[in-house]
Each structure stands twice: as C-alpha cells, then as structure tokens.
Number of protein chains: 2
Amino acid sequence: MPKLGMEPIRKAALVKATIVEIGRVGSLDVTVSQIAKRAGMSSALAHHYFGSKEEMFLAAMRHILTLYGAEVRGALVLVEGPESRLRAVLAASFSAANFRREAVGAWLNFWVLAQTVPEAKRLLKVYQGRLRSNLLAGLRPLAGDRAEALADGLGALIDGLYLREVLKSGPPDGAAAIATALNYLNSQLEGARP
Amino acid sequence: MPKLGMEPIRKAALVKATIVEIGRVGSLDVTVSQIAKRAGMSSALAHHYFGSKEEMFLAAMRHILTLYGAEVRGALVLVEGPESRLRAVLAASFSAANFRREAVGAWLNFWVLAQTVPEAKRLLKVYQGRLRSNLLAGLRPLAGDRAEALADGLGALIDGLYLREVLKSGPPDGAAAIATALNYLNSQLEGARP
DNA sequence: TTTTTTGTTGATTGACGAGTCAATAAACTT
DNA sequence: AAGTTTATTGACTCGTCAATCAACAAAAAA
C-alpha cells in the first residue's frame, strides 16, 4: 500500500489538522493522536515525520504566517499609492481566509506558545515586523515622522481586533474590523494633511 | 497546629500563587502542586479548598477583574468632566499594578481559557462590558453618536496593547501605551469638535 | 533477487498529574 | 470528657499522553 513521496503530503495534512484541532479545542491541549486521527494516520506516523509535538505546532505557525504573507504580497502587487497600499494590508489581515474562528483561535494560542518557546516568539516577531514595515511604507508618505507611532498604534489595534474576535459569538465580521481600522487611520491622517 | 479561620487566608494565597505561576510558566499548564507549593501548602489542601484546578483559575480571574475594577472605580471618584474620565480609565488600565508581565501573561491565558470554559468567557465579557460603558460615559458628551464606534475601537486598541506587551522584552511601559491610546482619542475627537 | 529505502502501525513504556482518602491533630461545643 | 468541626498531609488511584520500538509491506536500487 505504501506509495512513495508521501512525506510532503503527510506533513501538509498534519499541519492543516493541527490548526483545525487547536481552533476546535481552543487550546494547545490537543493530543498528537487527535491531530493524527484528523489527518488520517496513526500518531506514530505523525511522530515519524515531525519528531515532536512542538515541531508540529511550529510548522503550523509557519504555515499560517506563510499564508498571511502570501496574501499580503498578492494584494500589494496591484496597488497604486500609499492609501491603497494601506487598504490592501488591512483587507488581507481581515480577509475571510485569515479572519476565521479557527485561524484566530490558533493565532491566540500561538501567542501563548510564544511565551514559552523561543522559536514561536521569533516567528511572531517576524510577523509583527512585516506588518509594521508594510504599514510604514504606506504611512510615511502620508504622515511623515508620525508614521512610526501610527504604525505601532494601528498594529496594536489590528491585534486587538483579532483578540476580540475570539470572544464574540456569531460569524466573524471582517468588514466591521476593517471599518474600525480605517476609521482610526482616517482620523489620524486628517489632522496631518496639508 | 491548625488554627481556625484559615480558609480565606489559604484561598487568597492560592489565588495569588495561581496568578504568579501562570505568569511565570506562561501557560495554563501549571500543576496544582506547583501552585500549592508556592502558596506554602500541600496540593491536597488546595483541592480541599477549591475542589478543582478550574475553580482555582476562575477565582484567579475574578480576583484580577476585581482589582482592575476597584482601581478604575477609585480613579473615577475624583474626576471632573469627560476628558478627565477617559484619562482615568486609561491610567487605571495601564497602571503599574495591572500592566505588569505577570498579570498580562495571566490575562492572555484567561483569554485562552475563555474559549473552553463558559464561566471564563462570561467573566471576560463582564470586563469588556464594564470597560465599554466606562469609555462610553466619557465619549458620549464628546463624540455624540460616534461614541459607540469609538469605544469599540479604543477597547480593541487597549486589548491589543496588552497583547503586544506579552512579546516585548524589557520592562513594561505603561506610559507609552497610554500615549498611544490618547493619541487615538485626540485625533478622533479633533475632527468632531465644534 | 537480494538489499535498501520509505511508509506505516499496534503495542508498549515511562512519566506525570488531577483528584481522593484515610489518618492525625488541634481547636471549639456541649 | 466526649463529640464535632476545621485544618492538614502523605500515599494512592486512575487516567492520559508523548515518544519509542518492533514488525510488516511495498517500491526502488543493486
């Protein structure tokens, strides 16, 4: 039965299952067996490919970060001017793909993981850095030297909107989140406009 | 050796130890033994007083919420006018007592707990509701019907600033957080002022 | 065709941890 | 003085789970 070249397929299935299970259970207290079962294999095989549960978590984080990064990059290619750039970053952050209960729940738990596992912390800092520099690129032409402060505020606001999504009942509302962030932006930029 | 009337003392010690341990370990994966040891008693006694680990967590949450609520209420008594009210709420949120690594770490983990444990979710919603209505009281005279949207944005920003504190290295900087929040407020209110 | 590499799992190990219990002791009540 | 309530713990039970291992199967290489 064993077909060759299974490794990438199995790994991808495990990564996906890890995110789903963390989102479903709502914590990092998921067992390797649960994950493996959802991915359609034995827990032994999961260990065979990843070595440890922690490695699975990190791979899942990298995957989410990669998806998010790709979405932002994709949105940025067809962008003209700083306002449109900022809007694109926001749209990607709150897109249906990223801003869904399961991913948001996983995200929150990765934040917890970052308190313990240095590599997780590193990854999250990479995300923060990328977000920051993306915002900065859009903000500098519009706000000059206030750009740094604005980027920090807007970054925190975005993270906060994610956090609050966790507690909400009902389906996620990316549009509302974008509206809140744009509202922040507009009012900050109005004062500074020549 | 047993003196009477230990219950409240023991419970308080356990609650405190729970927060410290969660903050120290950085996750909810703390054992009852760890907590009990830090509180200077056996794990059996911890179970005797609280029944379960979950009850300990919830008691710790209630305690943090109580402290926060008390601090806000205390700051609000000597307040005159809506601006000063808003400033007081912010000052309490980022006071040295609340905005310290240990409490922030515990806070983050309570957010995770809220995904699983309904009572934890309820408590967090109580906090959100209180924060919201406090902000609203200050915002309505200043922003009219934009107050609701502003309160939601500001609430998310505050939570986001807490979240980001978790990743930062170095000592917490409440003043910077307050500055960011005030900056948000001022720019939002400038546009609306008569 | 033998050997090696890759895929796969059931069973097992070993550790750890939540919650219970029986036992001990001091203080309060009657 | 006898009985009750409160405080306290060491030892134990029972379950769970990460990680390992031995064994088996199929494809590829030799």
Side-chain angles (χ1 to χ4, degrees), chain A residues 1-22 24-61 106 109-110 112-113 116-120, chain B residues 1-61 106 109-110 112-113 116-117 119-120:
Chain A
M1 205 178 283
K3 291 154 191 170
L4 285 234
M6 293 306 293
E7 177 155 356
I9 296 162
R10 293 301 201 186
K11 278 192 161 183
L14 282 168
V15 160
K16 204 171 160 187
T18 302
I19 294 167
V20 171
E21 282 300 295
I22 291 178
R24 196 179 61 79
V25 176
S27 85
L28 296 176
D29 277 332
V30 288
T31 70
V32 173
S33 299
Q34 275 169 40
I35 296 170
K37 188 172 186 182
R38 178 163 298 262
M41 71 196 79
S42 71
S43 69
L45 194 54
H47 273 106
H48 173 65
Y49 282 125
F50 276 105
S52 75
K53 189 159 88 160
E54 188 172 306
E55 279 305 319
M56 279 182 239
F57 285 168
L58 291 174
M61 261 188 92
N109 280 288
F110 291 152
V112 170
L113 195 66
T116 330
V117 180
E119 173 68 4
Chain B
M1 206 178 283
K3 289 155 192 170
L4 285 234
M6 293 307 293
E7 176 156 356
I9 296 162
R10 293 302 201 186
K11 278 192 162 182
L14 282 168
V15 160
K16 204 170 160 187
T18 302
I19 295 166
V20 171
E21 282 300 294
I22 290 178
R24 197 180 59 80
V25 176
S27 86
L28 296 175
D29 276 333
V30 287
T31 69
V32 174
S33 300
Q34 276 169 40
I35 296 171
K37 187 171 186 183
R38 178 162 297 261
M41 72 196 79
S42 73
S43 70
L45 194 53
H47 273 106
H48 173 65
Y49 282 124
F50 276 106
S52 74
K53 188 160 89 160
E54 189 172 305
E55 279 305 319
M56 280 182 238
F57 286 167
L58 291 174
M61 260 187 92
N109 279 288
F110 291 152
V112 170
L113 195 67
T116 331
V117 181
E119 174 67 5

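Nearer the 5' end of DNA chain D, as judged by each residue's closest nucleotide, is the contact made by B:R10, out of A:K53 and B:R10. DNA chain D is contacted by both A:T31 and A:H48; A:T31 maps to the nucleotide lying nearer its 5′ end (nearest heavy atom per residue).
Rounded to whole Å, atom C1' of C:dA18 lies 13 Å from atom CD of B:Q34. Rounded to an integer number of Å, the gap from CZ of A:F57 to C1' of D:dC17 is 12 Å. Between A:D29 atom CG and D:dA18 atom C1' the separation is 13 Å, expressed in whole Å. Taking atom CE of residue A:M6 and atom P of nucleotide D:dA27, one finds them 12 Å apart after rounding to whole Å. Per the geometry, CG belonging to A:L28 stands 20 Å off P belonging to D:dT16, to the nearest Å. In this structure, B:I9 atom CD1 and D:dT6 atom P are separated by 15 Å, rounded to whole Å. Per the geometry, CE belonging to B:M41 stands 13 Å off P belonging to D:dG10, to the nearest Å. In this structure, the NE2 atom of A:H47 is 4 Å from the P atom of D:dA19, given to the nearest Å.
Between A:S27 and B:L28 there is no side-chain heavy-atom pair separated by less than 4.5 Å. A 4.5 Å side-chain heavy-atom check between A:M56 and A:Y49 finds every atom pair outside the cut-off. Looking only at side-chain heavy atoms (C-beta outward), A:F57 and A:N109 stay at 4.5 Å or farther from each other. Between B:P8 and B:K11 the shortest side-chain heavy-atom distance does not fall below 4.5 Å.
Using a 4.0 Å heavy-atom distance criterion, B:S43 is classed as making no nucleic acid contact. Within 4.0 Å (heavy atoms only), B:F50 reaches no atom of the nucleic acid at all.
Of the candidates C:dC28, D:dA19, C:dG19, the closest approach to any side-chain atom of B:L4 belongs to C:dC28. Each of D:dG10, D:dA7, C:dG7 was ranked by its minimum atom distance to the side chain of A:E7; first place goes to C:dG7. The side chain of A:L45 sits closest to C:dT8 out of C:dT8, D:dT9, C:dG19.
Phosphate proximity of D:dT6 to B:Y49: absent, as no side-chain N or O sits under 4.0 Å from OP1 or OP2.
Side chain of A:K53 to backbone of A:V30: a donor-acceptor contact under 3.5 angstrom is found.
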